[in-house]
Amino acid sequence: MRFVSGSTAWHDSCTISLSDLLTPWEVITKRIEAAAMADFAITFYNPRSKKRKSHIEIAQQILLQHRDPKTPVAVVNAAYRDDQRVMLSTLDSFTSLEFGMNAAVLVGNSNSYYFGDWIVTPRGYKNKYQLETGAVLSGQKRGHALKTSGAPQVETEIQIDAEFQEQTMTEGDRV
């Protein structure tokens, strides 16, 4: 589903079922809390059923303790089926959307953002490399762990090709 809505899962991510039929709800909430604290991009499946409507709202409240309310969220209903529907929202309001057991709810992490009608979660290359040239930043070594002290931060401007922008504007039927 990450390809239907963007690349939320290209960086550290996890998948959590909200069904408590085989896993105790206390265990599920601990998993949500741990994933939220670790800043994982999260995909929830089995988010709602006719009998169980509150689990996704509880998950939302846990996440809001650790994330910006405007964190990007995609709700993918019936993924890869004829009646597939992708709805884009934010962490503070996605629970008002219409979805059930056939949906997957993808929640970005603190670095996720919208790029057109896609959610992107970058992997952090800008902290280690000069993106325009590929040069390794001062204090860093190619193929070694990222050093966080003393590494300069690089601001990158993204330019969107006019043809691509026009194409994305007209392909809004995914939303």
Side-chain angles (χ1 to χ4, degrees), residues 1-80 84-115 117-129 139-141 143-151 153 156 175:
M1 265 141 307
R2 68 178 171 210
F3 299 113
V4 173
S5 62
S7 60
T8 54
W10 280 124
H11 200 44
D12 294 336
S13 64
C14 66
T15 304
I16 301 173
S17 171
L18 294 184
S19 172
D20 58 359
L21 293 177
L22 300 174
T23 304
W25 180 241
E26 298 76 31
V27 172
I28 296 169
T29 57
K30 286 180 185 177
R31 290 174 179 169
I32 298 166
E33 180 76 30
M37 289 174 56
D39 198 27
F40 280 94
I42 303 169
T43 300
F44 292 111
Y45 66 102
N46 300 323
R48 277 189 186 143
S49 69
K50 290 179 183 175
K51 294 180 182 177
R52 182 184 38 75
K53 298 180 190 268
S54 66
H55 287 184
I56 192 68
E57 285 86 7
I58 294 168
Q60 176 193 41
Q61 292 308 309
I62 293 170
L63 290 173
L64 282 168
Q65 295 173 23
H66 302 278
R67 306 231 175 131
D68 186 301
K70 298 304 175 197
T71 299
V73 174
V75 178
V76 181
N77 225 16
Y80 301 107
Q84 172 182 293
R85 187 174 57 164
V86 178
M87 299 169 282
L88 301 178
S89 188
T90 56
L91 183 57
D92 61 351
S93 63
F94 79 93
T95 55
S96 65
L97 298 172
E98 191 80 26
F99 60 92
M101 290 294 284
N102 282 338
V105 177
L106 291 83
V107 181
N109 71 12
S110 64
N111 293 306
S112 299
Y113 61 90
Y114 281 113
F115 182 76
D117 58 353
W118 295 92
I119 298 174
V120 175
T121 303
R123 293 193 61 199
Y125 290 111
K126 71 177 185 173
N127 298 322
K128 191 166 185 171
Y129 302 101
Q140 302 296 327
K141 289 185 178 179
H144 289 78
L146 178 69
K147 293 185 180 179
T148 55
S149 63
Q153 296 297 313
T156 303
V175 180

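On a predicted model such as this, the values are computed, not experimentally measured, just so you know. Basis for what follows: all heavy atoms, side chains included, without hydrogens, waters or symmetry-related copies.
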Mind checking the [atom1]-[atom2] spacing from [X] to [Y]? Nearest 0.5 Å is all I need.
| X | Y | atom1 | atom2 | answer |
| --- | --- | --- | --- | --- |
| Q60 | T71 | CD | OG1 | 11.0 Å |
| T95 | L97 | OG1 | CG | 8.0 Å |
| M101 | S19 | CE | OG | 5.5 Å |

Testing the basics here: between [X] and [Y], what is the closest heavy-atom pair and its distance to 0.1 Å?
| X | Y | answer |
| --- | --- | --- |
| G100 | P47 | O-CG, 3.4 Å |
| F94 | F99 | O-CE2, 3.7 Å |
| S112 | T121 | OG-OG1, 2.5 Å |

side-chain contact (heavy atoms from CB on, under 4.5 Å) evaluation trace for L18 with V105: CA-CA 11 Å; L18 294 184; V105 177; over 6 Å; no

So, S93 and T90: side-chain donor and acceptor under 3.5 Å apart, yes or no?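 Result is yes, a qualifying pair exists.
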
Taking the side chain as every heavy atom from C-beta outward, state whether I42 and C14 have any atom pair closer than 4.5 Å.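 The answer is yes, as the side chains (C-beta and beyond) meet within the 4.5 Å cut-off.
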
Which residues share a side chain to side chain donor-acceptor pair (under 3.5 Å) with N46, sequence neighbours left out: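 Checked N46 against side chain to side chain donor-acceptor pair (under 3.5 Å); matches are S17.
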
Not counting sequence neighbours, which residues clear side chain to side chain donor-acceptor pair (under 3.5 Å) with Q61? List them please.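 Per chain and number, Q61 pairs via side chain to side chain donor-acceptor pair (under 3.5 Å) with no residue.
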
Can you tell me which residue pairs pass the ring-ring contact (aromatic ring centres under 6.0 Å, His included) test with a partner in residues 35-54, sequence neighbours excluded?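 The answer is none; no pair qualifies.
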
N/O donor to acceptor pairs below 3.5 angstrom from side-chain atoms of residues 21-32, sequence neighbours left out:
{"residue": "T29", "atom": "OG1", "partner": "W25", "partner atom": "O", "Å": "3.4"}
{"residue": "T29", "atom": "OG1", "partner": "E26", "partner atom": "O", "Å": "3.0"}

Taking salt bridge (Lys or Arg N to Asp or Glu O under 4.0 Å) as the definition, give me every residue that meets it alongside E33, ordered by chain and number, with sequence neighbours left out.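 Once residues adjacent in sequence are excluded, E33 has no partner under the salt bridge (Lys or Arg N to Asp or Glu O under 4.0 Å) criterion.
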
With sequence neighbours excluded, give me every salt bridge (charged side-chain N to carboxylate O under 4.0 Å, His left out) pair touching [range].
| range | value |
| --- | --- |
| residues 58-72 | D39-R67, K70-D92 |
| residues 49-65 | R48-E57 |
| residues 96-112 | none |

Applying side-chain contact (heavy atoms from CB on, under 4.5 Å), run through I119 and L106 and close with a yes or a no. CA-CA 9 Å; I119 298 174; L106 291 83; 5.6 Å; no

Qualifying residues under side chain to side chain contact (heavy atoms under 4.5 Å, CB included), relative to A34, sequence neighbours excluded: none

